[in-house]
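Below you'll find the structure, written out as structure tokens, and then a few comments.
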Amino acid sequence: MNQKFIKNIVISSVMVGGLFASTLQVNAAGFNKINNSNGKTMSSTKFYEVLAKTKMDQLGYNFGMPDEIQPLKNTSGARVGTVWVYHAAVQKENGARDANFIIINGELQYATLSDAS
């Protein structure tokens, strides 16, 4: 077979795979995609249980890839840390809540739950 034909087959396979993945709504590997949740959001009780056992170097492993990473700035505008946001990650009575992890100087300072955006 000639190399051009093989190249076309590989490119076509990647394109078809990409189209298939987009129909499955593949996105960040956050809460909704980790093995423990089986594709579902976790309860607030479970969230706090996992959080209590999580060290900073295990944050991504336990909660997955964040849906959004935002800079945390002080009043003068200098960046002092980051906020990892997981959208619709924690179950609420009528809907879901976002989980926000505040990381300053490489240390997890605190985590908050807010209404889903």
Side-chain angles (χ1 to χ4, degrees):
M1 294 190 165
N2 97 28
Q3 289 181 340
K4 189 174 181 181
F5 179 72
I6 293 172
K7 181 180 174 183
N8 287 339
I9 294 292
V10 170
I11 290 173
S12 298
S13 299
V14 169
M15 290 175 54
V16 169
L19 290 172
F20 179 72
S22 67
T23 62
L24 295 176
Q25 298 177 344
V26 175
N27 56 8
F31 280 84
N32 298 324
K33 302 296 179 199
I34 60 176
N35 291 337
N36 297 339
S37 69
N38 295 324
K40 299 178 183 174
T41 59
M42 65 175 61
S43 69
S44 58
T45 305
K46 177 73 172 174
F47 170 78
Y48 288 116
E49 286 175 8
V50 173
L51 183 62
K53 298 175 186 176
T54 300
K55 296 177 184 174
M56 184 57 207
D57 61 344
Q58 299 170 329
L59 189 63
Y61 178 77
N62 287 347
F63 294 106
M65 195 72 178
D67 295 313
E68 189 176 343
I69 298 177
Q70 301 173 347
L72 181 65
K73 297 182 179 184
N74 63 15
T75 55
S76 64
R79 185 176 180 168
V80 294
T82 58
V83 180
W84 287 16
V85 181
Y86 295 88
H87 296 293
V90 179
Q91 294 171 350
K92 187 175 140 179
E93 191 174 310
N94 293 324
R97 303 182 90 180
D98 290 347
N100 306 289
F101 295 97
I102 291 70
I103 302 167
I104 300 173
N105 295 327
E107 293 293 323
L108 177 62
Q109 295 298 315
Y110 55 90
T112 63
L113 297 177
S114 62
D115 287 336
S117 48

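This is a predicted model, so every value here is computed, not measured.
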Shortest non-hydrogen separation from Leu113 to Ser44 and the atoms involved: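 Between these two residues, the closest heavy atoms are CD1-CB, 4.4 Å.
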
Minimal non-hydrogen separation, Ser114 against Asn100, with atom names: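 Taking Ser114 first and Asn100 second, the nearest heavy atoms are OG-ND2, 3.1 Å.
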
Aromatic plane relationship, Phe101 with Tyr86 - under 30° parallel, 30 to 60° tilted, over 60° perpendicular: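 It falls in the perpendicular class, over 60°.
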
Extract all donor-acceptor atom pairs below 3.5 Å that involve side chains of residues 76-85 and protein atoms in other chains or at least two apart in sequence.
unit_1	atom_1	unit_2	atom_2	d
Ser76	OG	Asn74	OD1	2.9
Arg79	NE	Gly81	O	3.4

Quick one: pull up [atom1] in [X] and [atom2] in [Y] and give me the separation to the nearest 0.5 Å.
{"X": "Ile102", "Y": "Glu107", "atom1": "CD1", "atom2": "CD", "result": "14.0 Å"}
{"X": "His87", "Y": "Asp67", "atom1": "NE2", "atom2": "CG", "result": "5.5 Å"}
{"X": "Ile103", "Y": "Leu108", "atom1": "CD1", "atom2": "CG", "result": "6.0 Å"}

Check: Asp98 side chain, Ala88 main-chain N or O, donor-acceptor pair, under 3.5 Å: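 Pair found, side chain donor or acceptor close to backbone of Ala88.
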
N/O donor-acceptor pairs under 3.5 Å from side chains in residues 47-59, not counting sequence neighbours:
unit_1	atom_1	unit_2	atom_2	d
Thr54	OG1	Val50	O	2.5
Thr54	OG1	Asn62	ND2	2.9
Gln58	OE1	Lys55	N	3.1

